[in-house]
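Remarks on the structure that follows.
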Amino acid sequence: MRTKLAQKLHAALERRFPERRLFLRSDTETRFIRLHPSTQLIAWTGTTLMVGWTITATAIVLMDSIGSGNFRAQAQRDQMIYEERLNSLSAERDLRAAEAAAAQERFSTALEQISTMQSELLASEDRRREMETGLEVVQAALRRTIQEREVARDAAEEARLALAEGGTLPGGADAASVEGTLDILSGALADTAEERDRIAEDAQLAFEQANEMQLELRLMTERNDEIFRQLEEAMTVSVEPLGEMFRAAGMDPDAMLRQVRKGYNGVGPLTPIQFSTMGAHADHGDYAAENADRANALLGKMDEINLYRIAASKAPFAQPVKDRFRFTSGFGQRWGRLHAGADFAAPIGTPVYSTADGVVVSAGWASGYGRLIKIQHEFGIETRYAHLNKIHVKVGQRVSRGERIGDMGNSGRSTGPHLHYEVRVGGTPVNPMTYIRAGKDVF
């Protein structure tokens, strides 16, 4: 049975691979090598396998090269888009900062103008009261002079009637003394009339000046109201984005401001404004009180902005890396575990900066973190900077926002030079990009 099967297999191989002879000829003799069908089958199979393996390997290498090229191109496009976004955010931050500086300058200028206008208003009010008092004195003198003139006229009429009847004047006066008395009375009447006319002219001038001062006061009031309105709008526009920034980071602005105010509760230059209303008209007193309320409200807004500025420096709204970098990994699950921070890849030695004011609580080697810096901030926030190459701070040292604290490296469990940056609130890791994005939207 085996022999027949072998014969059939040999016959099939003979048909497919007939026996061949390979002649080797030299100068003295000729030899040949017999190639059996089985030998040819083995050679053909080996050659086929080798060619197939070569084709498959070449195809795999080509596909991997094409895929790597597409990935690198996509990564370069993503990096360009990210850099453009960073540049636009930086320009917007600079614009917001310039707007805030301009608003602060406008507010300072407006406060100076308000102070000047208030001084002018008080001075004009004093002048108006003095003119009203002078006008009352003039009117009283005019009334007294008119009464004296009427009395003199009555006395002169009685004397004239007595002389016309040929009688004597009261008191036994003669004609010469009567004439002298009449001359004196006539001169006094003329002087009184002249003084009356002069007082009337002065009174009219005083009324005109009072009207002009009332008009000037009304214009100054309208200008004062316009300045207050512009300042109130500027304060509203400046304060609202700051509150939104903290809310976007998951923080309660009211509670945060209360905490900051407790640490900065000394009385400074922003004390409440008060205007004296003693001796002023009721309407003017109400207007001065209203201006004081509006000015104090503006000062309150300025104090709120200042508190926001202090809080912003104590919360990690800044970026830990300012040079060019590649964002390689975000916050979230990775390989079945929580990646508790964000990774920023850049060359070894790239500066790393503190993202907020705080105190260094740890600076050294920490197992998988490598060289690690921990900074404790206000509001129960802690930031971590891992895989560093060098550390430039010590435990207990106070650092400010934007201060260089270390250099990027590849220490600990790391596959390449990068910074692993974490933000923890009450010991719980949170997404650090939430704070960075909130800060970029405002600054």
Side-chain angles (χ1 to χ4, degrees), residues 78-79 82-83 85-86 89-90 92-93 242 244-253 256 311-335 337-346 350-363 366 368-388 391 393 399-443:
D78 293 341
Q79 182 177 2
Y82 186 70
E83 289 178 353
R85 176 60 177 165
L86 286 179
L89 289 175
S90 177
E92 186 176 357
R93 177 200 62 193
L242 296 174
E244 291 297 330
M245 177 183 70
F246 286 97
R247 278 188 286 270
M251 304 173 67
D252 184 3
M256 179 209 60
S313 67
K314 297 180 179 296
F317 290 112
Q319 282 200 155
V321 181
K322 298 180 181 179
D323 293 352
R324 292 182 176 273
F325 64 87
R326 180 186 175 199
F327 186 77
T328 55
S329 184
F331 179 88
Q333 293 294 325
R334 188 176 69 176
W335 302 329
R337 298 177 58 187
L338 175 64
H339 184 243
D343 293 342
F344 303 84
T350 300
V352 175
Y353 302 92
S354 173
T355 56
D357 298 351
V359 178
V360 179
V361 295
S362 177
Y369 281 111
R371 294 182 181 87
L372 172 69
I373 297 175
K374 295 181 183 180
I375 300 178
Q376 186 66 45
H377 309 281
E378 297 288 342
F379 318 120
I381 299 175
E382 178 189 85
T383 54
R384 297 185 177 186
Y385 311 80
H387 308 307
L388 299 176
I391 295 175
V393 293
V399 295
S400 301
R401 174 181 176 177
E403 181 176 345
R404 184 173 181 176
I405 58 175
D407 297 339
M408 190 179 298
N410 191 27
S411 58
R413 288 198 301 269
S414 172
T415 59
H418 75 285
L419 170 69
H420 175 79
Y421 173 62
E422 291 186 11
V423 176
R424 294 175 178 251
V425 179
T428 303
V430 297
N431 190 353
M433 297 307 297
T434 302
Y435 289 85
I436 293 176
R437 282 193 294 266
K440 285 181 177 179
D441 291 338
V442 175
F443 299 112

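Note that this is a predicted model, so its numbers are computed, not measured.
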key: Residues forming a salt bridge (Lys or Arg N to Asp or Glu O under 4.0 Å) with Arg371, sequence neighbours excluded   = none
request  = Check whether any side-chain heavy atom of Tyr353 lies under 4.5 Å from a side-chain heavy atom of Lys322, and answer yes or no.
outcome  = yes
request  = Say whether, by atom type as modelled, one donor and one acceptor occur between the side chain of Asp357 and the main chain of Arg401 under 3.5 angstrom.
outcome  = yes
remark   = Residues at least two apart in sequence or cross-chain that pass side-chain hydrogen bond (donor to acceptor under 3.5 Å, both in side chains) with Asn431, listed by chain then number, are none
request  = Nearest 0.5 Å please: distance from the CD1 atom of Ile405 over to the OG atom of Ser400.
outcome  = 11.5 Å
key: Set of side-chain hydrogen bond (donor to acceptor under 3.5 Å, both in side chains) partners for Arg413, sequence neighbours left out   = none
inquiry  = I'd like to know if the side chain of Asp323 and the backbone of Thr350 have a donor-acceptor N/O pair within less than 3.5 Å.
reply    = no
task = Please answer whether the main-chain N or O of Gly330 pairs with a side-chain N or O of His339 as donor and acceptor at a distance below 3.5 Å.
result = yes
key: Side-chain H-bond candidate by donor/acceptor type, Thr383 with Tyr385, under 3.5 Å   = yes
task = With the side chain counted from C-beta on, respond yes when Thr328 and Phe344 share a heavy-atom pair under 4.5 Å apart, and no when they do not.
result = no
request  = Identify the two heavy atoms, one from Arg404 and one from Pro351, that lie closest to each other, and give their separation to 0.1 Å.
outcome  = NE-CB, 3.5 Å
ask   = Can you tell me how far the NZ atom of Lys374 sits from the CZ atom of Arg384, to the nearest 0.5 Å?
value = 4.0 Å
request  = List the steps and the verdict of side chain to side chain contact (heavy atoms under 4.5 Å, CB included) for Ile375 and Ser354.
outcome  = CA-CA 8 Å; Ile375 300 178; Ser354 173; 3.8 Å; yes
ask   = Between Met433 and Phe331, is a side chain to side chain contact (heavy atoms under 4.5 Å, CB included) present by the stated rule, with each step listed?
value = CA-CA 8 Å; Met433 297 307 297; Phe331 179 88; over 6 Å; no
task = Please examine the side chains of Pro429 and Val423, heavy atoms only from C-beta on, and report whether any two atoms are closer than 4.5 Å.
result = no
key: Note: Arg424-Glu422 ion pair, threshold 4.0 Å (strictly below)   = yes
task = Report yes or no: does Ser411 contribute a side-chain atom to a donor-acceptor pair with the main-chain N or O of Leu388 at less than 3.5 Å?
result = yes
key: Min side-chain heavy-atom separation Tyr421-Asp343 under 4.5 Å   = no
ask   = Between His420 and His387, what is the ring plane arrangement, given parallel below 30°, perpendicular above 60°, and tilted in between?
value = perpendicular
inquiry  = I need the Thr355 OG1 to Ile381 CD1 distance, nearest 0.5 Å.
reply    = 9.0 Å
task = Please lay out, stage by stage, how Ile373 and Val393 fare under the test side chain to side chain contact (heavy atoms under 4.5 Å, CB included).
result = CA-CA 8 Å; Ile373 297 175; Val393 293; 3.8 Å; yes
message = Could you go through Arg437 and Thr434, starting from their C-alpha distance and side-chain angles, then the distance that decides it, and tell me whether this counts as side chain to side chain contact (heavy atoms under 4.5 Å, CB included)?
response = CA-CA 5 Å; Arg437 282 193 294 266; Thr434 302; 4.2 Å; yes
